[in-house]
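Notes follow the structure.
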Amino acid sequence: MVTAECFHDLFLQNTSFLDVRAEGEFAKGHLPNAINLPILNDQERHLVGTCYKQQGQQAAIQLGHKLVCGELKILRIKNWCAYAANKPNTHVYCWRGGMRSNLARRWMSEAGIDVSLIEGGYKALRRSLMQVIENAARDYPMIRIGGQTGVAKTCLINKLNCSIDLEKYAHHRGSSFGRMVNRQPTQANFEHFLAIDLLRKKQLLGGKKTLFVEDESRSIGLSSIPITFFEAMRRSPLAVVEMPFEFRVQRVLQDYVIDMLAAYQAKDAEKGFECFSDYLFEGLLRIQKRLGLERYKDANGLLTNALHTQFITGDVSAHKDWITLLLREYYDPMYAYQIQKNNASIAFRGSYTEVLEWARQLNAA
């Protein structure tokens, strides 16, 4: 049985996990490198749970064995053993490391495959990861990387070894147009990815090096940065990236038009352009009230024209018109207001290259 003291090593070693909880439990949150092969599926678990409430534990156990027996039991054990045979050092868990995972391990052992059991199950693993986030918020000095829309903040973050890309784990860019092709993770899974990256950074950094994060709102799409970590971010100094306006327009064009169209077409070649167009119109609609009706109409007209031109000719340059309007009329004024409130927190200003070099030298000292 593997206890909490060893959990961090399991995460850092990319250990394979066999999650024998029901599908619905797994969907709400699970560990990276986990496969879901339930001992009781959703329907079976519901029946056992109802029996437990009405007739007690012993009757529920008997029903569970009645539901999972014969050929079905043989098939489930076969699937578990096949997975573990291909993934050395597989560890099995259920919700709290109780009856389901113990039973699965015993059946696998009887079939000739031995696996390790997680003491406390998924609940203990998750508690360990949440503590990693708490500790990082307390122990690591941070610097936020900020700047206007289009200055390549996320790109800069990923050039630094001592950084956390929150948007990568949220599968969202944190803006009205931030939605990506793939769905966002559950809140629990977002926290798990963040915690494991923090563990890796701790292993890499050793001492109390500075951790760089992008200057985010607490909500990144549907994902929320854990409150203690977010509060530590808010207290940290700010490094501001400043780039020419044309650079920013081109960067937005690349990230939100060229790259997003390619992503949608890679997912669905036939409907890719249609989905991409919907994505842009939906992003614009989200800021309609804050833009005001007249500016929204102007931006919508420019976007419609750009998409028509792109569809007919493949030329994306007309997208610069609505991008320019939104930067000048919406994003830049909003940023100016926010940076004024954070002016006292600014530790450094400079171009992309200057901020990158400053950040690297900071942790080289």
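- P237 places none of its side-chain heavy atoms less than 4.5 Å from the side chain of S345.
- Q310 and H319 share a side-chain donor-acceptor pair at under 3.5 Å.
- H308 places no side-chain N or O within 3.5 Å of a backbone atom of T304 that could act as its donor or acceptor partner.
- Here the straight-line distance linking atom OG of S277 with atom CG of L261 works out to 8.0 Å at 0.5 Å rounding.
- When all heavy atoms of I225 and R218 are compared, the pair lying nearest together is O-NE, 2.7 Å.
- Between F177 and Y279, the two ring planes are perpendicular [angle over 60°; tilted spans 30° to 60°].
- Applying the 6.0 Å contact sphere to CD of Q13 captures more than 12 heavy atoms from other residues, nucleotides or ligands.
- Closest approach of V20 and A104 over heavy atoms only: CG1-CB, 4.1 Å.
- A cation-pi contact, defined as under 6.0 Å to the ring centre and within 45° of the axis, links R173 to Y256.
- With contacts defined as side-chain heavy-atom distances shorter than 4.5 Å, the pair L129/I133 does not qualify.
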Working for salt bridge (Lys or Arg N to Asp or Glu O under 4.0 Å), residues E71 and K78: CA-CA 10 Å; E71 291 298 321; K78 180 181 177 181; over 6 Å; no
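- Checking side-chain atoms of W95 against main-chain N and O of K123 turns up no donor-acceptor pair under 3.5 Å.
- Other residues, nucleotides and ligands contribute only 12 or fewer heavy atoms inside 6.0 Å of the CZ atom of R183.
- Remark: R200 fails to qualify as a cation-pi partner of F11 under the 6.0 Å distance and 45° angle criteria applied to the six-membered ring.
- With 3.5 Å as the limit, one finds no donor-acceptor pair spanning the side chains of Q338 and N342.
- Closest heavy-atom contact between A84 and T90: CA-OG1, 3.7 Å.
- Side-chain contact, R126 with H192: a donor N or O sits under 3.5 Å from an acceptor N or O.
- With hydrogens and angles disregarded, a donor-acceptor distance shorter than 3.5 Å links the side chain of Q184 to the backbone of I220.
- At least one side-chain heavy atom of C155 sits less than 4.5 Å from a side-chain heavy atom of R251.
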Worked verdict on R144 versus E216 for salt bridge (Lys or Arg N to Asp or Glu O under 4.0 Å): CA-CA 8 Å; R144 293 171 290 155; E216 304 277 5; over 6 Å; no
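- Under a 3.5 Å cut-off, the side chain of N189 and the backbone N or O of H30 do form a donor-acceptor pair.
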Residue pair E214, T154: steps toward the side-chain hydrogen bond (donor to acceptor under 3.5 Å, both in side chains) verdict: CA-CA 7 Å; E214 190 167 336; T154 303; 2.7 Å; yes
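- Within the 6.0 Å centre-distance limit, the rings of F311 and F273 are counted as a close aromatic pair.
- Within 6.0 Å of atom CZ in R96, 12 or fewer heavy atoms from other residues, nucleotides or ligands are found, so the atom counts as exposed in its surroundings.
- Taking both residues in full, the closest heavy atoms of D42 and A22 are given as OD1-CB, 3.2 Å, listed atom of the first, atom of the second, then distance.
- Ion pairing of E242 with R248 is absent here, as no side-chain N (NZ or NE/NH1/NH2) approaches a carboxylate O to less than 4.0 Å.
- Remark: R21 is positioned above the aromatic ring of Y122, its terminal NZ or CZ atom under 6.0 angstrom from the ring centre and at most 45 degrees off the axis.
- Atom CD1 of I113 sits about 14.0 Å away from atom CZ of R105, to the nearest 0.5 Å.
- No donor-acceptor contact under 3.5 angstrom links the side chains of Q254 and Q250, judged on distance only.
- A distance-only check finds a donor-acceptor pair linking the side chain of N363 to the backbone of T210 [under 3.5 Å].
- Interatomic distance, C69 SG to R76 CZ, rounded to the nearest 0.5 Å: 10.5 Å.
- Scanning both residues, T15 and N33, for their nearest heavy atoms gives O-CB, 3.3 Å.
- The pair R106-E110 counts as a salt bridge, with a side-chain nitrogen and a carboxylate oxygen less than 4.0 angstrom apart.
- Although no hydrogens or angles enter the test, the distance criterion places no donor-acceptor pair under 3.5 Å between the side chain of D19 and the main chain of I35.
- Remark: side-chain polar atoms of K153 are paired, donor with acceptor, to backbone N or O of Q148 under 3.5 angstrom.
- Looking only at atom types and distance, the side chain of S109 has a donor-acceptor partner in the side chain of D114 under 3.5 Å away.
- Taking CG from L31 and CZ from F7, the interatomic distance works out to 9.0 Å, rounded to the nearest 0.5 Å.
- Put simply, the residue from L362, N161, V355 that forms a side chain to side chain contact (heavy atoms under 4.5 Å, CB included) with F212 is L362.
- Contact record, L222 with Q187: O-OE1, 4.1 Å, taken as the closest heavy-atom pair.
- Within the model, atoms NZ of K66 and CD of E44 stand 13.0 Å from one another, a figure rounded to the nearest 0.5 Å.
- For M99, the CE atom is loosely surrounded, since the number of other residues' heavy atoms within 6.0 Å does not exceed 12.
- Note: L166 CG to D215 CG = 11.0 Å, rounded to the nearest 0.5 Å.
- Although no hydrogens or angles enter the test, the distance criterion places a donor-acceptor pair under 3.5 Å between the side chain of T186 and the main chain of K28.
- Other residues, nucleotides and ligands place no more than 12 heavy atoms under 6.0 Å from the CZ atom of F193.
- Ionic pairing of E354 and R349 is not present here: no N-O contact between side-chain nitrogen and carboxylate oxygen is shorter than 4.0 angstrom.
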